[in-house]
Each structure stands twice: as C-alpha cells, then as structure tokens.
Amino acid sequence: MEERYNPHVIEEKWQSIWEERGCFNTEEDPSKQKMYILEMFPYPSGRIHMGHVRNYSIGDVIARYMRMKGYNVLHPMGWDAFGLPAENAAIEHGVHPAKWTLENIEYMKKQLKRLGFSYDWRREISTCDISYYKWEQWLFIKMFERGLAYKKFSSVNWCERCQTVLANEQVEGGCCWRCGTQVVQRELEQWFFKITDYADELLEYCDKLQGWPERVLVMQRNWIGKSEGVEIEFPIEKGGSLRIFTTRPDTVFGITFMCIAPEHPLVLDLIKDSSNYKEVLEFINRVRRMSVSREAILEKEGIFTGAYCINPFNGERIPVFVANFVIMEYGTGAIMSVPAHDQRDFEFAKKYNLPIRVVIQPGESILDTETMDKAYEGEGIMVNSGPFSGIPSEEGKKRITEYVEKMGWGKRAYSYKLRDWGISRQRYWGCPIPIIYCERCGMVPVPEKDLPVVLPFDVEIRGEKGSPLSYHKKFVNVKCPNCGLEAKRETDTMDTFVDSSWYFERFCCPDHDGFLDSKRVKYWMPVDLYIGGIEHAVLHLLYARFFTKVLRDFGLVEINEPFINLLTQGMVIKDGAKMSKSKGNVVDPDDMIRKYGADTVRLFLLFAAPPEKDLDWSDKGIEGCYRFLNRVWRVVRDTMPLIKDTPPYKDKIKLEGSNRQLRKIVHKSLKKVTEDIESRYHFNTAISAIMELVNYISQWKPDVNDAVGRSVLREAIETLVIILSPFAPHICEEIWSELGGKRSLIYEKWPEYDPEILEEEDVLIVVQINGRVRDRVIVASGITRDELLKIVLEREKVRMYLRGKNVKNTIYIPDKILNIVTD
RNA sequence: GCCUGGGUGGCGGAAUAGGCAGACGCAAGGGACUUAAAAUCCCUUGGAGGUUUCCUCCGUGCGGGUUCGAUUCCCGCCCCAGGCACCA
C-alpha cells in the first residue's frame with residue numbers, strides 16, 4: 001500500500017476501471033427489485049457548478065447504497081439541451097447554438113466523469129437530439145388531436161429582452177425568470193397545453209404524494225388555487241344577464257354595486273347607452289394597455305358603465321362599473337361587490353362614494369357603516385339578509401347556494417388560479433412545433449411519416465423581431481400534407497420545459513425507435529427518488545406531473561404520478577450569497593478536484609449540511625474533509641500488516657474487553673449509517689458517525705498476538721471501507737483492493753449489523769433529582785426500579801441532595817433515566 | 001397581507017419518539033515531534049463563579065403554560081429566509 005494518499009492517481013484508475021467494466025450499466029431484470037434514482041438533468045451552460053456537484057453527489061450516495069443493498073438501480077444522466085443561452089451565445093459570439101451546446105455537453109460530461117458518479121452513460125440523452133425531439137413532436141400531435149394542445153389569441157406575458165412569450169409559471173414577481181426583465185402583456189396567438197383539464201387531479205394527488213416535502217405540495221396547491229363558490233346570473237336591466245363568481249354567497253344582501261373587467265365580452269354592450277361613452281371607452285383602453293398583473297400597488301379605479309343589474313334576492317337596482325382590479329382570466333371576469341365584507345370593494349366604495357351595507361355581524365363587536373375603516377372579512381351572523389338573517393355565515397353559504405340552485409339563478413362552481421400552459425416561444429433553439437398552416441385546410445399536423453420536423457442548421461440569429469425560423473424560406477414554405485397546396489410551417493418552438501416533462505420516461509428506453517417502449521417503462525417507472533432544487537416546485541415538477549397523467553390517458557404509461565419520493569436540496573452559498581459570477585464568489589469544482597480530489601469534494605458537500613438546507617461553502621471545511629480521508633488512509637496503512645492475511649471476524653463466540661468494545665462501535669456505526677442514508681437522507685450525520693469510527697479505530701491498541709483481535713480489526717476496517725464507499729467511492733475501492741478484494745467494491749453487499757453485539761449488558765443511567773442531573777451510575781441493563789433505587793440512594797451525591805427531604809415519587813425510564821422527585 | 005420553513009457555542013451543524021444540550025467538523029489557544037517549517041499526534045475550548053483531580057449557577061430568539069423533566073408539545077410575540085399576491 002502506498003505510503004501517501006494520492007487521490008488523483010486513485011481516482012483516475014478507478015474511473016477507468018468502472019467505465020471499462022461497465023459497472024453501472026443497467027438492464028431490466030424482473031427477478032430483481034428495481035430502483036430508479038434520478039437527479040434533475042442539467043442545462044449545458046458550459047461548466048458544472050457546485051450546485052450540480054451537490055445534487056449529483058446526493059443522488060450518487062443513494063444509487064451506490066441501493067446497488068449494494070441488492071436493488072437493480074437505474075441511475076441515468078442527460079442534458080436539457082435546448083434553450084436561450086445557446087442563442088445568446090450565437091448573437092454575442094457568432095457561434096452556432098448547436099456547436100456551443102454540443103461542446104458544452106462534451107466538456108461537462110468530462111467534469112461529471114471526473115467526479116466518479118455512477119451513471120449508466122449508455123442511456124445519455126440530449127433533448128436537442130433529433131431522436132429525442134422527434135417523439136416530442138409526435139406527442140404534441142397526439143395532444144393536438146385530442147384538444148390538449150390548442151391555439152388561442154390572448155394576452156400573454158412577453159419578455160422584451162428574450163423576445164419571447166413566457167408561461168405564467170415563468171414570471172417571477174412580474175419579471176422574467178431567466179433574465180429578470182419586467183414582463184409586459186401582449187395580445188398574441190399562441191399555443192397552449194390544457195393543463196387546466198387536470199387541475200382537479202393534480203390537486204387531489206397532492207394529498208397522495210407522501211414522499212414529497214410538504215412545502216412543495218403547499219406551493220403546488222396554492223398555484224392550482226382551487227376555490228369553492230357559486231356562480232350567479234344577475235339580470236341586466238336592459239336585457240341579458242351578467243354572470244359572476246363568488247366565494248361569499250352569504251353576503252349577497254350586501255351587494256351595492258358590481259364590477260367587470262375591461263376585457264369582459266359584455267363591456268361594449270353595457271356602455272352603449274352611457275352618457276359619457278367616450279370617457280368610459282378611454283378608461284377601458286387605458287387599463288387594457290396596462291400590463292401584467294395590474295400590480296396590487298395600483299390604486300383601485302373604475303368608471304360607471306351606465307348600466308344596472310337587478311339583485312334577484314331583494315330586487316334592488318345595482319350599478320355596474322368597469323374596474324381595473326377585476327381580472328378577466330379568473331372566475332367569470334365579473335364580481336358582485338360587497339364593500340362591508342371585502343377590502344377591495346371597500347376601498348372602491350370609499351373612493352367613489354358608494355353605499356356600504358353590513359350583512360355579517362362578527363358577534364363580539366358590532367359593525368357600523370359610519371365608523372368602519374376597513375372591511376370585515378371574517379365569519380359572523382347574517383343580518384339585513386331577508387329570510388336568511390340570523391343564520392351563521394358558514395351555514396348561510398350553504399343555504400344561499402342551495403337557494404340559488406333551486407331558483408335557477410346559478411350553480412355551485414369552482415374557480416382555479418391555474419391557467420393553461422403557454423408553450424410557444426419565438427426562438428430558434430428549441431423543438432419545432434409540428435404544425436402546417438394551409439389556406440384551405442387550416443391547421444394541419446405534420447403526418448407521422450414526415451416527422452421529425454428538423455430544426456434547420458443554416459439560420460441567421462439576430463435576436464430581434466420574431467422567430468429566427470420565420471426568415472428561413474426553405475423551412476417555412478411547404479406543401480400542405482392534406483391538399484398539396486402551398487402552405488407555411490409554424491415557426492415557433494416549444495418551451496424547453498416541455499422537453500423536461502418526459503425525459504425521465506425516455507431514460508427507460510433511450511434507444512427505442514418509437515415514443516416509449518412500454519415494457520421497459522413499466523419496469524422502471526415511477527422514479528423512486530427524484531433529487532433537485534426547490535426552484536422547480538411549480539415549474540418543472542408541475543409540468544412533469546401533468547405530462548405523466550396525459551401519457552397515462554393516452555395509454556402510453558400505467559402510472560399516475562412520475563416521482564414517488566422527492567428530495568429538494570438547498571443552494572450552495574458562499575459569504576451569505578448564492579454563488580454567482582457577478583458577486584465574484586464562485587468556487588469552481590474543477591479547482592477543488594485538482595486540489596483535493598473528487599472524493600473530498602463530494603464528502604464535503606455531503607458533510608457540511610443536511611441536503612434540504614442551504615450549504616455554506618467553506619475553504620477550511622473542505623480541508624477538514626481532506627484531512628479525514630488522509631486519516632482513513634493512514635489508519636488502514638498502519639493496520640495493514642496486522643490484517644492483511646486475517647479473515648474478518650465471523651464467529652459467534654463471546655468477545656471480551658477491547659475486542660468486544662471495538663466490534664460494538666463498528667456495528668453501532670453501521671446501524672447509524674444505514675439508517676441515516678435509508679430513512680432520513682441525513683448524510684452529514686452518517687459521515688460524522690464514520691468519523692467517530694475512524695477516531696476510535698485509530699486510538700485502538702491492537703495486540704499482534706491476538707488472532708481474534710486481529711480479525712475484529714479486519715472486520716472493522718472492512719466495514720469502514722464499505723460504509724464510506726457511497727460517499728467517497730474511489731479511495732474505498734483502492735483500499736478494498738489492497739485488502740485483497742478481487743471484485744469492485746460496488747458488487748459487495750451492504751452488511752447487516754449484528755443486533756446481538758449491540759445489546760448492552762451495562763448501561764449508563766442518568767440520575768436526576770427534581771429534573772436536574774445530579775449523578776450517573778453504570779448498572780446491568782434491565783435493572784428494575786427497586787434494585788436501581790437501592791443502589792442510587794446509597795450514592796454519596798444523591799444522599800447529599802436528598803438530605804432533609806422526602807422522596808415523593810420516582811420516574812424510571814428503563815436503562816435510561818431515573819428521576820427522584822422530592823417534596 | 002396570506003402561506004411555508006427556520007432562529008442552538010466564534011462558525012457549519014448534532015440531539016431520529018418529551019429524557020445527559022452542543023456529537024462530528026471548522027476556527028482558536030496550549031503542548032509534543034523537528035535545526036526550522038509543513039504534516040502528524042496529545043490537551044483545552046458555551047458563559048459566569050467558586051473552596052479548582054472537583055463543584056455550583058445560568059444557557060437552545062423573547063414572554064407565558066403543560067410536565068417529574070421542554071431545543072422538542074401548547075398559547076402569545078419578535079426576527080430571518082422562501083413562495084404567493086387585487087384570485088372575487
């Protein structure tokens with residue numbers, strides 16, 4: 001064995017052995033229990049960053065552990081290869097997006113290999129490969145045929161900088177998720193996926209995803225935003241009716257006005273006879289032009305339409321306003337306004353001097369219209385509500401809803417915040433949408449035999465004015481597959497989140513000449529553990545769930561949900577901020593590997609914090625991990641002469657003294673590491689347990705002449721190497737072969753701990769007096785309360801504390817604690 | 001504003017089911033080895049105090065409560081991070 005630990009030599013050696021022998025290649029094997037471990041695949045931005053290394057180190061621990069546990073482990077890696085940065089590189093440096101992307105992939109793949117992750121590289125996929133996006137186009141057409149992909153003219157989020165449309169999920173605080181530019185609204189005809197058809201199921205299954213962190217589920221539930229209420233038709237005085245949605249039917253007697261969105265289809269009709277028609281129209285146009293979410297900061301504004309509705313409950317005449325705070329996309333785009341019990345309506349009423357009528361009294365205080373300075377939105381007793389007065393508001397909601405249905409004025413209804421997913425992107429570097437526009441036939445999907453619609457290579461990318469594909473005449477001009485007349489291709493490409501919505505299914509059969517090989521997909525899916533950043537809580541993770549349900553309904557997969565367990569890892573932070581070029585606090589994994597080796601880098605990222613938490617990068621901390629691996633090396637090197645030709649301890653004979661102590665510590669560590677990996681994903685405490693074991697072994701004094709002792713030591717070293725191997729695989733492989741291991745350590749079985757040795761014959765019992773620790777005694781385990789008490793009451797310290805006091809009670813937790821309570 | 005997390009030494013973090021708070025690592029200080037340095041090894045390290053091989057008191061954001069016993073459970077508050085935000 002080498003005198004010194006030399007990570008670079010060892011790591012290179014084992015990485016090539018693993019590769020040559022195809023150690024991580026996986027095939028379906030019905031005789032073995034499958035285990036699909038997946039980390040979110042990276043965008044090939046150019047270089048691997050610490051966040052990736054952390055993500056993949058976590059996944060690799062689990063994958064390696066599960067393999068040793070005997071599972072048939074699928075652990076693939078690929079590239080989310082379409083996207084805007086490639087095009088920006090083209091604009092800035094004149095390099096073709098394909099070239100840029102492929103070079104990045106090549107470089108990053110080398111980086112990943114240098115870290116020794118146990119991937120089956122034969123399954124590698126890139127979403128920009130024709131063989132991948134062909135099937136995405138195929139699926140798009142299936143969705144188009146069933147109405148799940150459709151085109152509509154609507155107001156969409158537009159990023160001026162990226163020159164493209166964004167989905168609602170990609171707008172963060174009114175800004176573009178990628179570049180941070182303020183998003184504006186534009187009226188465009190765009191492609192959408194009908195995710196809203198699945199809103200109820202996506203919501204319902206949130207309760208069934210028990211392996212997901214609660215906070216992700218909460219975010220998804222809120223994003224779907226289902227609320228229960230009732231839709232009511234209010235007759236318009238001059239004819240027709242206005243449909244509103246409310247969650248507060250209990251307040252219908254408090255309506256003093258109505259508000260509709262400027263985009264409401266009835267708006268022009270309603271204002272026709274208005275005395276100040278021009279002014280109203282101006283207002284409408286001004287608000288419509290105004291962007292976005294019509295930010296909450298904006299003051300409420302509105303204008304009277306000149307029209308009135310009738311409140312069917314009491315026959316009152318109610319003025320109808322156009323208001324800037326009413327959104328067309330939610331509910332029905334029209335609301336009933338109850339200023340006494342809704343803050344927005346209250347503000348509006350105050351501004352325009354509209355009446356406020358209290359119809360819910362809270363009980364403990366009495367609301368008075370004159371003195372109210374804000375709306376009361378809580379529960380209470382209904383008042384001024386005709387036959388419903390006196391009913392508690394919660395009960396009133398039900399009663400009014402039933403009444404509305406009985407009278408035929410409306411019906412129970414649900415409203416959702418979730419909107420359909422806008423997937424058109426006016427960009428080049430993405431999957432072309434396989435649709436052809438024909439003057440005679442309309443929208444015609446590209447026939448399956450003509451797939452794929454290949455993204456042309458010779459495209460000029462200028463970064464302005466529409467999709468680059470629209471300038472490519474050979475691409476655009478095409479014959480209609482239906483009638484053969486001149487037609488034009490769709491020039492938009494798909495949102496890259498479409499690419500990542502089904503890649504985990506494709507990993508099961510990457511070489512399949514078809515969409516998915518159902519047999520193989522059935523064997524591997526669903527993913528048993530999915531690991532990635534929390535930032536995808538409502539983007540990728542919602543889309544992927546939606547796609548899986550669509551595929552299921554198409555009969556292409558048999559599962560309802562793609563990911564059984566989800567582990568969301570925290571960011572890698574340095575000096576209190578996320579690593580970024582602009583802050584200049586980036587630590588390059590390559591530099592660290594060069595300095596300490598991959599095992600150290602992996603170990604530090606796993607040791608410094610539990611996976612869900614943000615991790616503070618520490619230059620000193622990683623040195624500590626490097627020192628630890630050196631200590632491991634030395635302790636093995638120094639014991640090697642004693643254990644080289646000794647078999648590990650196996651007998652059932654009763655061990656004594658220090659041999660017994662060592663074996664006990666070994667099996668305790670094994671138990672701890674096993675449990676920490678398997679049931680908690682707490683790698684930091686697993687590693688600290690291994691550190692304790694190493695500390696113990698290195699101070700343990702072996703007796704050269706004691707064959708039993710040597711075999712116990714051999715078992716200790718073997719166990720150490722095995723349980724450390726998922727975290728720091730290279731050094732462990734090297735030591736394993738030095739120990740005489742013939743095959744790679746990855747074929748070694750994860751050992752079972754011996755419960756017998758863990759049974760304590762002597763236990764330390766903490767003695768408390770009135771809840772304060774006063775003494776500790778070592779006694780035989782299983783001692784009864786009376787026996788223990790007899791011993792404890794004789795102890796000097798205990799007697800001192802009990803002097804002059806009467807023992808009132810004793811609490812005894814067997815083998816743990818004795819609490820003596822006095823008067 | 002609403003919804004989630006979270007607040008423990010100088011720092012990262014442990015304490016898994018209410019039972020010894022501070023495991024493990026970092027940093028710091030002292031010592032050994034060395035001509036010297038690096039590396040390594042040993043010791044100390046939450047705070048205050050004392051009669052200093054030991055002992056006492058205080059201590060997990062703040063204030064209460066439940067309990068023999070609370071970092072852990074309950075109530076009220078403060079602060080930090082993330083998500084949503086005119087959603088009717």
Side-chain angles (χ1 to χ4, degrees), chain A residues 4 172-174 213-223 225-227 229 244-248 251 259 261 293-300 323-327 329-338 341-345 347-348 415-418 534-535 537-538 570-571 573 603-604 607-610 612-625 627-628 630-631 634 672 675-676 679-680 682 684-695 698-699 764-776 797 808-813 816-822:
Chain A
R4 283 176 52 109
E172 292 174 350
E214 190 54 31
R215 61 174 174 152
V216 174
L217 295 173
V218 166
M219 275 192 240
Q220 293 215 351
R221 283 192 197 102
N222 291 343
W223 191 261
K226 182 178 184 174
S227 45
I244 62 96
F245 173 77
T246 182
T247 55
R248 291 297 303 272
T251 63
C259 291
S293 33
R294 302 205 191 127
E295 313 278 286
I297 322 130
L298 279 184
E299 198 178 331
K300 312 232 168 343
N324 65 346
F325 66 93
V326 181
I327 304 163
E329 287 82 9
Y330 187 79
T332 62
I335 61 166
M336 59 178 222
S337 287
V338 184
H341 305 293
D342 182 286
Q343 185 57 25
R344 293 154 301 177
D345 297 346
E347 286 167 31
F348 195 85
S415 214
Y416 301 85
K417 289 187 204 177
L418 184 71
I534 183 76
E535 66 272 17
V538 284
M571 289 187 299
I573 300 285
L603 195 70
F604 173 70
F607 176 64
E612 325 81 64
K613 276 199 163 188
D614 284 352
L615 182 152
D616 243 339
W617 181 267
S618 153
D619 291 331
K620 289 290 179 191
I622 191 170
E623 270 177 46
C625 288
R627 273 201 290 272
F628 168 69
N630 273 286
R631 204 153 66 238
R634 278 198 309 275
K672 167 89 177 143
E675 288 170 355
D676 277 352
S679 52
R680 301 205 308 163
H682 277 201
N684 56 333
T685 50
I687 293 167
S688 71
I690 299 173
M691 287 173 168
E692 283 175 274
L693 175 62
V694 172
N695 291 346
S698 49
Q699 55 80 51
L764 178 80
I765 292 186
V766 172
V767 181
Q768 295 185 336
I769 292 167
N770 294 325
R772 309 188 67 123
V773 179
R774 296 303 186 190
D775 202 1
R776 295 173 181 85
K797 280 171 96 177
K808 202 171 73 178
N809 193 12
T810 57
I811 286 112
Y812 178 46
I813 310 296
K816 248 186 187 164
I817 204 158
L818 176 76
N819 191 6
I820 301 170
V821 186
T822 68

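Here is how names work: the chains are called A, B, and so on, in the same order as the sequence lines, proteins then strands, and each is numbered from 1. Hydrogens, waters and symmetry mates are skipped; everything else that's a heavy atom, side chains included, is used.
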Next on the checklist: When the P atoms of B:rU52 and B:rG64 are compared, how many Å lie between them, rounded to an integer?
Outcome noted: 36 Å
Next on the checklist: What's the gap between B:rG59 and B:rU71 when it is taken at their P atoms, as a whole Å value?
Outcome noted: 10 Å
Checklist entry - What does A:Lys417 touch in the nucleic acid at a heavy-atom separation under 4.0 angstrom: a base, only the sugar-phosphate, or nothing? => result base
Checklist entry - Hey, does the side chain of A:Arg631 come within less than 4.0 Å of B:rG25's phosphate (OP1/OP2), counting only N and O? => result yes
Checklist entry - Which heavy atom in A:Met219 sits nearest to a heavy atom in A:Val538, and how many Å separate them? => result O-CG1, 3.6 Å
Checklist entry - Could you state the interatomic distance from CG (A:Asp616) to CE (A:Met571), rounded to the nearest 0.5 Å? => result 11.0 Å
Item to check | Under 3.5 Å on both distances, the Watson-Crick or G-U partner of B:rC2 | outcome: B:rG83
Checklist entry - How far does the C1' atom of B:rC79 sit from the matching atom of B:rU66, given to the nearest Å? => result 26 Å
Checklist entry - B:rC87 C1' sits how many Å from A:Arg221 CZ, rounded? => result 18 Å
Checklist entry - Across the strands shown, which category fits A:Val766 at heavy-atom distances under 4.0 angstrom: base, sugar-phosphate, nothing? => result base
Next on the checklist: Pick the closest RNA chain B nucleotide for A:Asn770 and for A:Val216 by heavy atoms, then say which residue is nearer the 5' end.
Outcome noted: A:Val216
Checklist entry - What are the two closest heavy atoms between A:Tyr812 and A:Ile817, and how far apart are they? => result CD1-O, 3.3 Å
Checklist entry - Just checking A:Asp614: base, sugar-phosphate only, or nothing, at a heavy-atom cut-off of under 4.0 Å? => result sugar-phosphate
Item to check | Donor-acceptor pair (no angle test) under 3.5 Å: A:Lys816 side chain, B:rC20 base | outcome: no
Item to check | Spatial distance of atom CD1 (A:Ile534) from atom CZ (A:Arg215) [nearest 0.5 Å] | outcome: 3.5 Å
Item to check | Check: B:rG1 base within 3.5 Å donor-acceptor of A:Gln343 side chain | outcome: no
Item to check | Rounded interatomic separation in angstrom, taking CZ from A:Arg776 and P from B:rC54 | outcome: 12 Å
Checklist entry - Is there a Watson-Crick or G-U wobble partner for B:rG9 with both distances under 3.5 Å, and which nucleotide is it? => result none
Next on the checklist: Please name the nucleotide paired to B:rG59 by Watson-Crick or G-U wobble geometry with both distances under 3.5 Å, or report none.
Outcome noted: none
Checklist entry - Please give, in whole Å, the distance from B:rG13 P to A:Lys613 NZ? => result 5 Å
Checklist entry - Under 4.0 Å between a side-chain N/O of A:Arg772 and OP1 or OP2 of B:rG19, yes or no? => result no
Next on the checklist: Any strand counts, and the cut-off is 3.5 Å on both contacts for Watson-Crick or G-U wobble. Which nucleotide pairs with B:rU67?
Outcome noted: none
Checklist entry - Base, sugar-phosphate, or nothing: which does A:Lys226 touch, judged by heavy atoms less than 4.0 Å apart? => result nothing
Next on the checklist: What's A:Leu764 touching, base or sugar-phosphate or nothing? Going by heavy atoms closer than 4.0 Å.
Outcome noted: base
Checklist entry - With both distances under 3.5 Å as the test, what is the Watson-Crick or G-U wobble partner of B:rA17? => result none
Checklist entry - NA contact type, A:Arg215, heavy-atom cut-off 4.0 Å: base, sugar-phosphate, or nothing? => result sugar-phosphate
Checklist entry - Can a donor-acceptor pair be found between the side chains of A:Asn770 and A:Thr822 at a distance below 3.5 Å? => result yes
Item to check | Rounded distance in Å between the C1' positions of B:rA81 and B:rC86 | outcome: 25 Å
Checklist entry - Which is true for A:Thr247 with a 4.0 Å heavy-atom rule: it touches a base, it touches only sugar-phosphate, or it touches nothing? => result sugar-phosphate
Checklist entry - What is the glycosidic conformation of B:rU56: syn, defined as within 90° of 0, or anti? => result anti
Checklist entry - What is the distance, rounded to the nearest whole Å, between atom CG of A:Asn684 and atom C1' of B:rG12? => result 10 Å
Checklist entry - Do you know the tightest heavy-atom contact between A:Val326 and A:Cys259? => result CG2-CB, 3.7 Å
Checklist entry - Which nucleotide, in any strand shown, forms a Watson-Crick or G-U wobble pair with B:rU52, with both distances under 3.5 Å? => result none
Checklist entry - Checking all strands, does A:Phe628 fall into the base, sugar-phosphate, or nothing category for heavy-atom contacts under 4.0 angstrom? => result nothing
Checklist entry - Using atom P of each nucleotide, how far apart are B:rG22 and B:rU45 to the nearest Å? => result 12 Å
Checklist entry - Taking OP1 and OP2 of B:rA23, is either one under 4.0 Å from a side-chain nitrogen or oxygen of A:Asn695? => result no
Item to check | Residue mapping more 5' on RNA chain B - nearest nucleotide basis, A:Met219 or A:Val821 | outcome: A:Val821
Checklist entry - OP1 or OP2 of B:rA27 less than 4.0 angstrom from a side-chain nitrogen or oxygen of A:Arg627, does that happen here? => result yes
Next on the checklist: Categorize A:Gly225 for me: base, sugar-phosphate, or nothing, with a 4.0 angstrom heavy-atom threshold over every strand shown.
Outcome noted: nothing
Checklist entry - Rounded to the Å, how far apart are A:Trp617 CH2 and B:rG25 P? => result 19 Å
Next on the checklist: Can you measure A:Leu603 atom CG to B:rC26 atom P for me and round it to whole angstrom units?
Outcome noted: 12 Å
Next on the checklist: So that I know where these two stand, are A:Phe325 and A:Phe348 an aromatic pair - ring centroids less than 6.0 Å apart?
Outcome noted: yes
Next on the checklist: I want to check one thing: is the phosphate of B:rA88, taken as OP1 and OP2, less than 4.0 Å away from some side-chain N or O of A:Ser227?
Outcome noted: yes
Item to check | Atom pair distance, as rounded to whole Å: CZ in A:Arg634 and P in B:rU40 | outcome: 6 Å
Item to check | Protein-nucleotide distance (A:Gln768, atom CD; B:rA70, atom P), rounded to Å | outcome: 9 Å
Checklist outcome for this item: Nearest heavy-atom contact between A:Asp676 and A:Ala686 is OD2-N, 3.2 Å
Item to check | Interatomic distance at P, B:rG61 relative to B:rC57, whole Å | outcome: 22 Å
Checklist entry - Counting only Watson-Crick or G-U wobble pairs whose two distances fall under 3.5 Å, which nucleotide matches B:rA28? => result B:rU44
